[in-house]
Amino acid sequence: MHGDNQHGHQAPDPAPDDSPRPPASFSLPAGAVDAHAHVIGTHWITERSYTPHPAPPEAYLRMLDRTGMTYGVLVQVSVHGTDNTLMRDTVAANRHRLRGIAVIPHDLGETGLRSLDEAGVVGLRLNTTTGGGVGLGALAEYEAICMEMGWHLQFLVNAPQLPSLAPQISKLRVPAVFDHMGYVSPDLAGTDAGQTLLHMVRDGAWVKLSGGFRISLSDPPYQDVIPYARALAEAAPTRCVWGSDWPHVSFRKTMPNTGDLLDLLGQCVPDAAVRDAILAGNAQRLYGFSGAGSDAGISPN
């Protein structure tokens, strides 16, 4: 099923901003990585929480070029369920520039895992928020897969889930990466949820300083997300990365420009060396891009 409005789905998402630009307030470091984006075809699962605007690979690569980003990480989008074909093929065709995060059944099997690995997949996503994903019920099985493949686990969860998940996630033997600042909106920063994520990040988890436009309680330029993003960056300057979240699926307000979101990062992380590590060195290390190891003078904590 595709392109329709059956099953109670909204009209398709608006298209992303068609004039992406670099940040205006600082210069991107060499080897900058967009650590969170999606490519989207036109055939979607029925059980989905939104109807996307198609986002073909060439449009994503154009966005990277226009904004000055060197590398990108494509995360399997929920509306494609566990059919990773478009993401996998896009990454494989741009292996020098892209990496992938897959969503798979826990019993996928060796052949399927090898196919993803050879294409450039470096992690698995567990998603409890938008349907079409894989939840946390088989966490041990996914951890075992990631240990075998040398991958990490990426979590898209709602902030109130964080305290109850922390004991499991803190015991993982593979890196844990939280999408979109754990969905900790500004009003939750001081609650158990916000403090739990800070503790997990301090203790070894990674976090994407992405999705500010989603978790903000205000209009652009989303100034209310700055204090918590800054706290995360201070908690683990070597384990924060940044992502555009292009093409901003399931977002019904004014479409953000990637340049504006980069400028927001500039406000969240005013220290240029830390910001360069977040945009380049940290992400290169996590996703296995060339140039990994240069952390712009930030020593691991």
Side-chain angles (χ1 to χ4, degrees), residues 33-36 73 75 78 101 123-130 133-137 139 142-143 146 151-218 222-245 250-251 261 264-265 267-271 274-275 277-279 282-283 285-287 298 300-301:
V33 181
D34 174 10
H36 194 107
V73 179
V75 177
S78 66
I101 305 297
L124 298 179
R125 187 192 211 193
L126 302 181
N127 172 357
T128 65
T129 68
T130 54
V134 172
L136 304 177
L139 186 58
Y142 288 113
E143 178 192 30
C146 287
W151 294 349
H152 63 259
L153 277 173
Q154 177 180 315
F155 295 90
L156 180 65
V157 298
N158 288 316
Q161 296 176 275
L162 291 167
S164 61
L165 293 175
Q168 291 171 274
I169 293 174
S170 64
K171 293 189 184 79
L172 290 174
R173 295 163 291 172
V174 297
V177 183
F178 286 95
D179 287 349
H180 307 332
M181 297 187 268
Y183 270 147
V184 176
S185 52
D187 56 323
L188 297 177
T191 67
D192 280 353
Q195 295 307 300
T196 296
L197 184 61
L198 277 175
H199 287 309
M200 284 194 283
V201 168
R202 215 172 271 128
D203 290 345
W206 291 71
V207 66
K208 296 184 183 183
L209 302 183
S210 58
F213 65 97
R214 294 188 183 281
I215 61 176
S216 173
L217 304 177
S218 66
Y222 314 119
Q223 301 290 290
D224 59 345
V225 306
I226 292 172
Y228 190 69
R230 190 168 290 176
L232 288 168
E234 289 170 356
T238 62
R239 287 190 303 278
C240 290
V241 296
W242 176 88
S244 67
D245 197 20
S250 190
F251 190 66
L261 299 177
L264 177 60
L265 176 70
Q267 291 186 279
C268 295
V269 187
D271 183 294
V274 176
R275 188 176 62 239
I278 289 168
L279 284 165
N282 297 353
R285 198 168 77 245
L286 179 61
Y287 298 106
I298 308 296
N301 59 351

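Numbering of residues begins at 1 and proceeds along the displayed sequence. Please read these numbers as outputs of a predicted model, since none were measured by experiment. All values below were derived from every heavy atom in this structure, side-chain atoms included, with hydrogens, water molecules and symmetry-related copies excluded.
Panel note: side chain R239, backbone V201; a donor-acceptor pair is recorded below 3.5 Å. Formation of a donor-acceptor pair under 3.5 Å by the N282 side chain with backbone atoms of V241 is not found in this model. In this structure, R275 contributes its side chain and Q267 its backbone to no donor-acceptor pair below 3.5 Å. Remark: the backbone N or O of G211 is not paired with any side-chain donor or acceptor of D245 at under 3.5 angstrom. Listed for the R125 side chain is no donor-acceptor partner under 3.5 Å among the backbone atoms of Q154. The backbone N or O of F213 lies less than 3.5 Å from no partner atom in the side chain of S216, so there is not a single donor-acceptor pair. Using modelled atom types, no side-chain atom of E143 and backbone atom of V174 make a donor-acceptor pair closer than 3.5 Å.
Not a single side chain to side chain donor-acceptor pair (under 3.5 Å) links Q168 to another residue, sequence neighbours left out. Y287 is linked by a ring pair (Phe, Tyr, Trp, His ring centres under 6.0 Å) to H152, counting only residues two or more places apart in sequence or in another chain. Partners of D34 according to the salt bridge (charged side-chain N to carboxylate O under 4.0 Å, His left out) rule, which considers only residues two or more places apart in sequence or in another chain, do not exist here. With sequence neighbours left out, the side chain to side chain donor-acceptor pair (under 3.5 Å) criterion links W151 to D117.
Nearest heavy-atom pair across D224 and P227 is O-CD, 3.6 Å. Nearest approach of N127 to S78, heavy atoms of both residues: ND2-CB, 3.9 Å. Contact detail for A159 and L188: the closest heavy-atom pair is CB-CD1, 3.8 Å. When all heavy atoms of T196 and P163 are compared, the pair lying nearest together is OG1-CG, 3.8 Å. Scanning both residues, G194 and V184, for their nearest heavy atoms gives CA-CG1, 3.8 Å. Summarising the geometry of V269 relative to A233, their closest heavy-atom pair is CG2-CB, 3.9 Å, with the distance given to 0.1 Å.
One finds the CG atom of L162 at 5.0 Å from the CE atom of M200 (value rounded to the nearest 0.5 Å). For the atom pair CZ (R202) and CG (L197), the distance works out to 10.0 Å, reported to the nearest 0.5 Å. Here the CG atom belonging to L139 is positioned 5.0 Å from the CG atom belonging to L172, to the nearest 0.5 angstrom. Here OG of S210 is found 4.5 Å from NE2 of H180. Values are rounded to the nearest 0.5 Å. From L261, atom CG reaches atom OG of S244 across 7.5 Å, with rounding to the nearest 0.5 Å. Here D271 contributes atom CG and E234 contributes atom CD; the two are 10.0 Å apart, rounded to the nearest 0.5 Å.
Taking 4.5 Å as the limit, some side-chain heavy atom of L279 sits within range of a side-chain heavy atom of L265. Using a 4.5 Å heavy-atom cutoff, the side chains of L153 and I169 are not in contact. Side-chain atoms of I278 and P237, non-hydrogen and from C-beta on, never get closer than 4.5 Å to each other.
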Please report the C-alpha distance between Y222 and I215 in whole Å, then the side-chain angles of each, then the deciding distance to 0.1 Å, and finally whether the side chain to side chain contact (heavy atoms under 4.5 Å, CB included) criterion is met.
-> CA-CA 9 Å; Y222 314 119; I215 61 176; over 6 Å; no
Give the intermediate values and the outcome of side chain to side chain contact (heavy atoms under 4.5 Å, CB included) for residues L156 and V75.
-> CA-CA 11 Å; L156 180 65; V75 177; over 6 Å; no
Evaluate the criterion side chain to side chain contact (heavy atoms under 4.5 Å, CB included) for residue pair L264 and I226; output intermediate values, then yes/no.
-> CA-CA 8 Å; L264 177 60; I226 292 172; 4.0 Å; yes
For the pair Y228 and L198, evaluate side chain to side chain contact (heavy atoms under 4.5 Å, CB included) and give the outcome as yes or no after the intermediate values.
-> CA-CA 9 Å; Y228 190 69; L198 277 175; 4.0 Å; yes
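Applying the salt bridge (charged side-chain N to carboxylate O under 4.0 Å, His left out) definition to pairs two or more places apart or across chains, none involves residues 152-163. A ring-ring contact (aromatic ring centres under 6.0 Å, His included) check over residues 153-173, counting only residues at least two apart or in different chains, returns the pairs F155-F178.
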